[in-house]
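Everything below concerns the one structure shown next.
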Protein chains: 2
Amino acid sequence: MAYEDKLFAALADPTRRAIFEHVAGRRQSVAELARVMPVSQPAISQHLKVLKEARLVRDEASGARRIYSIDPEGLGPLRAWLDRFWSDQLAAFKAVVETADDS
Amino acid sequence: MAYEDKLFAALADPTRRAIFEHVAGRRQSVAELARVMPVSQPAISQHLKVLKEARLVRDEASGARRIYSIDPEGLGPLRAWLDRFWSDQLAAFKAVVETADDS
DNA sequence: ACTTATAATAAGTCATGGCTTATGAAGATA
DNA sequence: TATCTTCATAAGCCATGACTTATTATAAGT
């Protein structure tokens, strides 16, 4: 599976996005997430695995716990993808405006 | 289903993303897309329906054809979502730097 | 009018994915 | 050592979704 595919797929699920947003707000353990989210601990672990493979989060051992935090570079590729269309659309918009000026 | 959910879900499928990128490159009909993509015409129509409900594309009748084009505002919410974390991460990074300055 | 082209919808198949409970491994605590 | 916590993995269930072929509707061309 291509990397970009993993990134978009990881963000597609609402529960997983919620977990990501929690982790982005504050680094925390699996148990903490399980306490606040409406799914079981294994479900949390499974989501975190997907997020990790998409490089959206990192994990770090801390005794028996495992602390998850956001991966600062993880959203870079998403932004890059987005900017591709952003500039395209700006160019297209500009072209329309300039065509209108010709009239 | 919430709007944001539809947006992310629409972009999750690689085939659908490819269709979106084609349409973004040049406005075109369903048949044109079906010619270049490795799936059937109904599959294309189904994907376009999802993209349209996510407000990523628009359609316009042109005789028997239906021309699909990108919806310029469609990616706005995605960018807004992204920027939320972008500034968060910048703030976090700044905090780390300033803490380092204190030492 | 008849045929061809275009595209949407219906119905059915099949794989994937998100969830559960059960379990085991590794660390902390008594 | 024994227990408790934390977390990951295994296995199974079930809904969803991406695809197919078949069909229908509408418009264009002859």
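Hydrogens, waters and symmetry mates play no part in the numbers below; they use all other heavy atoms, side chains included. Order of the sequence lines sets the chain letters (A, B, ...), proteins ahead of strands, with each chain counted from 1.
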Let me know the distance between [atom1] of [X] and [atom2] of [N], rounded to the nearest Å.
X	N	atom1	atom2	result
B:R16	D:dA18	CZ	C1'	8 Å
A:E60	D:dA8	CD	P	14 Å
A:R17	C:dG18	CZ	C1'	14 Å
B:M1	D:dT16	CE	C1'	10 Å
B:E32	C:dA7	CD	P	8 Å
A:I67	D:dC7	CD1	P	7 Å
B:I44	C:dA7	CD1	P	11 Å
A:F8	C:dT16	CZ	P	21 Å

To the nearest 0.5 angstrom, please state how far the [atom1] atom of [X] sits from the [atom2] atom of [Y].
X	Y	atom1	atom2	result
B:H47	B:M37	NE2	CE	7.0 Å
B:K6	B:E53	NZ	CD	4.5 Å
B:E32	B:I44	CD	CD1	11.5 Å

If you check every side-chain atom of [X], which of [options] has the closest atom?
X	options	value
A:D13	D:dC7, C:dG18, D:dC19	C:dG18
B:Q46	C:dT6, D:dA18, D:dT20	D:dT20
B:S29	C:dA7, C:dT20, D:dC19	C:dA7
A:S45	C:dA8, D:dT9, D:dT6	D:dT9
A:R65	D:dC19, D:dC7, C:dT9	D:dC7
B:V30	C:dA10, C:dG27, C:dA7	C:dA7
A:P42	D:dA18, D:dT6, C:dA22	C:dA22

Validation row: A:L82, B:L82 side chains within 4.5 angstrom (heavy atoms) =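 A side-chain contact under 4.5 Å exists here.
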Side chain to side chain, B:L51 and B:V23, heavy atoms closer than 4.5 Å |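 No; the side chains remain at least 4.5 Å from each other.
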With a non-hydrogen cut-off below 4.0 angstrom, is B:A31 in contact with a base, only sugar-phosphate, or nothing?
->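 Counting heavy atoms under 4.0 Å across all strands, the contact made by B:A31 is with sugar-phosphate only.
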Flag if over 12 foreign heavy atoms under 6.0 Å of CD, A:E73 =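 It does not: A:E73 CD has 12 such atoms or fewer within range.
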If you draw a 6.0 Å radius around CZ in A:R66, do more than 12 non-hydrogen atoms from other residues or ligands fall strictly inside?
->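 Enclosed.
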Using the rule that two of Ile, Leu, Val, Met, Phe, Trp, Tyr join whenever any of their side-chain heavy atoms come within less than 4.5 Å, decide whether B:F8 and A:I19 are in one cluster.
->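 Yes, B:F8 connects to A:I19 through the hydrophobic network.
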Going by the side-chain contact (heavy atoms from CB on, under 4.5 Å) test, name the single residue among A:L56, A:D83, A:L11 that passes it with A:L78.
->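 So the option named by the test is A:L11.
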Using the 3.5 Å cut-off, write out each protein N or O paired with an N or O of nucleotides 2-4 of chain D and the distance between them.
none

When you match A:A43 and B:A64 each to their closest nucleotide on DNA chain C, which lands nearer the 5' end?
->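 Closer to the 5' end of DNA chain C: B:A64.
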Cation-aromatic face contact B:R79/A:F85, 6.0 Å, 45 degrees |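 No, B:R79 does not lie over the aromatic ring of A:F85.
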Phosphate oxygens OP1/OP2 of D:dA8: is one of them under 4.0 Å from a side-chain N or O of A:Y68?
->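 Yes, within the criterion.
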Name every residue in residues 34-41 of chain A that has at least one heavy atom under 4.0 Å from any atom of DNA chain C, in order of residue number, or write none if there are no such residues.
->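 By residue number: A:V39, A:S40.
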